[in-house]
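Working notes, beginning with the structure itself.
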Amino acid sequence: MASPTLPVVQIAFLVSFFLLKESILLCSADPTDGFRQIPLTESNFLLQKPYNLASADRYSYSNGVRRLWVFSTDKPFKSGSSTDPRTEIRIKGYDYSSGVWQFEGYVFVPSGTSGASIMQIHRAEGEKPATDAMLRVYDGELRFYVGAVLENNVYNRWIKLNVIHDVDGNMLTVFVDGVMKHEAQGRGRSDFFFKFGVYGQIGESNRMESRWRDVKIFKK
């Protein structure tokens, strides 16, 4: 007596299901696996804010949460600069030009913030273009520059961001809540550093704010 066999369509469905499951597991893996955490102290967090204001006018740090805000009418971060207003933290002491580096942090963007960069991978000062990665918020969408939508409806909730920069491979990878959302090529070698906060872009809202906690840096 012949053994029973599954219909071809059912077999194909099962194969597709297990491949999809494996893909989801891979995409949802901890992006910091294989990396080592770099120690950070407050001396590594350099605040950049409108040059004519005190730090407390645009920044607070309480109960582990860094709150950064800026207005579209504010001055730039230094006198004579032609850049838009910002209140950002530059990670200093860990500029890099090779290897694989990763930024991790939880971010909260209040509703109403739009046309703002909340995280950057910056190239050496004075280079054009100035960045290899910029995560921006437009009307509640988190975007890679003005292109790929990384996450919808980001307002008023904490989301986890991981941004990996493989300098030697010239590749950038963005994860949101542990799920890979975007890959992009870099712009070639430079001296790089991470920044986070709010920095006005085209179409900026009058008031821009982001809040951050558990910011970490990793290296492979």
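Numbers here simply count residues along the sequence, with the first being 1.
- One side chain, Y138 or R136, offers a donor N or O that lies under 3.5 Å from an acceptor on the other.
- Annotation for N162 and P31: closest pair CG-CG, 3.6 Å, computed over non-hydrogen atoms.
- Residues Q102 and T32 form a side-chain contact, since some pair of their non-hydrogen atoms from C-beta on lies under 4.5 Å apart.
- S62 and S60 share no side-chain donor-acceptor pair at under 3.5 Å.
- Considering every non-hydrogen atom in both K220 and G34, the closest pair reads CG-O, 3.8 Å.
- In this structure, S81 contributes its side chain and P76 its backbone to no donor-acceptor pair below 3.5 Å.
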>> For S98 and F192: C-alpha separation, side-chain torsions, deciding distance, then whether side chain to side chain contact (heavy atoms under 4.5 Å, CB included) applies.
In response: CA-CA 9 Å; S98 62; F192 301 97; over 6 Å; no
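- Looking at residues two or more places apart in sequence or on another chain, you find a side-chain contact (heavy atoms from CB on, under 4.5 Å) between D214 and Y106.
- Screening W101, F103, Y96 for a ring-ring contact (aromatic ring centres under 6.0 Å, His included) involving H165 leaves a single residue, Y96.
- We find that K160 and E151 are not joined by a salt bridge, their nearest charged nitrogen and carboxylate oxygen being 4.0 Å or further apart.
- Of the possible polar contacts, one joining the S114 side chain to the D139 backbone as a donor-acceptor pair under 3.5 Å is found.
- By the criterion of side-chain heavy atoms lying less than 4.5 angstrom apart, applied directly or through intervening Ile, Leu, Val, Met, Phe, Trp or Tyr residues, F196 is grouped together with L135 in one hydrophobic cluster.
- Residues Y61 and W69 fall into different hydrophobic clusters, defined by Ile, Leu, Val, Met, Phe, Trp and Tyr side chains chained together at heavy-atom separations under 4.5 Å.
- With hydrophobic clusters built from ILVMFWY side chains whose heavy atoms lie under 4.5 angstrom apart, V70 does not share a cluster with F77.
- A distance-only check finds a donor-acceptor pair linking the side chain of S190 to the backbone of A124 [under 3.5 Å].
- Between H122 and F194, the distance separating the two ring centers is not shorter than 6.0 angstrom.
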>> Checking R58 against E209 for the salt bridge (Lys or Arg N to Asp or Glu O under 4.0 Å) test, could you report, in this order, the C-alpha distance in whole Å, the side-chain angles of both residues, the deciding distance, and whether it holds?
In response: CA-CA 9 Å; R58 294 293 182 268; E209 180 180 335; over 6 Å; no
> Can you list the steps and then say if M180 with T173 is a side chain to side chain contact (heavy atoms under 4.5 Å, CB included)?
Replying inline: CA-CA 7 Å; M180 189 182 76; T173 309; 3.6 Å; yes
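- The hydrophobic cluster containing L40 also contains V107, counting ILVMFWY residues as joined when their side-chain heavy atoms lie under 4.5 angstrom apart, directly or transitively.
- Looking only at side-chain heavy atoms (C-beta outward), E104 and Q37 stay at 4.5 Å or farther from each other.
- Around the NZ atom of K181, the shell of radius 6.0 Å holds more than 12 heavy atoms that belong to other residues, nucleotides or ligands.
- Here CE of M134 is found 11.5 Å from CD1 of I118. Values are rounded to the nearest 0.5 Å.
- Pairs passing the salt bridge (charged side-chain N to carboxylate O under 4.0 Å, His left out) check and including a residue from residues 31-53, sequence neighbours excluded, read E42-R66.
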>> Please evaluate residues D168 and R189 with respect to the criterion salt bridge (Lys or Arg N to Asp or Glu O under 4.0 Å), reporting the C-alpha separation (whole Å), side-chain torsions for both, the decisive distance (0.1 Å), and the verdict.
In response: CA-CA 8 Å; D168 303 322; R189 290 193 177 274; 2.7 Å; yes
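- Under the 4.5 Å side-chain criterion, counting only non-hydrogen atoms from C-beta, I89 is not in contact with L46.
- Remark: S111 OG to N156 CG distance equals 4.0 Å, nearest 0.5 Å.
- A donor-acceptor pair shorter than 3.5 Å can be found between the side chains of K195 and Q48.
- The backbone N or O of A133 lies less than 3.5 Å from a partner atom in the side chain of Y145, making a donor-acceptor pair.
- Heavy-atom neighbours of K219 NZ from other residues, nucleotides or ligands within 6.0 Å: above the threshold of 12.
- Annotation for D177: atom CG counts as buried by contact number, over 12 foreign heavy atoms lying within 6.0 Å.
- Panel note: side chain D57, backbone A54; a donor-acceptor pair is recorded below 3.5 Å.
- Checked by atom type and distance alone, the side chain of N44 never pairs as donor or acceptor with a backbone atom of G93 at under 3.5 Å.
- Residue Y199 holds its OH atom at 15.0 Å from CG of L68, rounded to the nearest 0.5 Å.
- Put simply, OG on S117 and CZ on R86 are 9.0 Å apart, with the number rounded to the nearest 0.5 Å.
- Contact annotation: the side chain of F193 never approaches that of R123 to less than 4.5 Å [non-hydrogen atoms, C-beta and beyond].
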> Step by step, would you call M208 with V137 a side chain to side chain contact (heavy atoms under 4.5 Å, CB included)?
Replying inline: CA-CA 10 Å; M208 296 159 276; V137 173; over 6 Å; no
> Does the pair L172 and I164 meet the rule for a side chain to side chain contact (heavy atoms under 4.5 Å, CB included), with working shown?
Replying inline: CA-CA 6 Å; L172 301 143; I164 299 174; over 6 Å; no
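- To the nearest 0.5 Å, atom CZ of residue R211 and atom OG1 of residue T113 are 9.0 Å apart.
- Counting heavy atoms from C-beta outward, E183 and F144 have side chains that stay 4.5 Å or more apart.
- N170 and G188 get closest at one heavy-atom pair: OD1-N, 3.2 Å.
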> So R90 and E88, salt bridge (Lys or Arg N to Asp or Glu O under 4.0 Å) or not? Walk me through it.
Replying inline: CA-CA 6 Å; R90 180 211 198 282; E88 290 186 301; over 6 Å; no
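- The shortest distance between side-chain heavy atoms of R213 and F108 does not fall below 4.5 Å.
- Shown here for G197 and S210, the closest heavy-atom pair between the two residues is O-OG, 2.8 Å.
- Between L150 and R143, the closest side-chain pair of non-hydrogen atoms is not below 4.5 Å.
- With rounding to the nearest 0.5 angstrom, the CG atom of D74 is 11.0 Å from the OH atom of Y51.
- When the side chains of ILVMFWY residues are joined at heavy-atom separations under 4.5 Å, either directly or via intervening members, F218 and F175 end up in a single hydrophobic cluster.
- Residues L142 and L161 are in side-chain contact: their nearest non-hydrogen atoms beyond the backbone lie under 4.5 Å apart.
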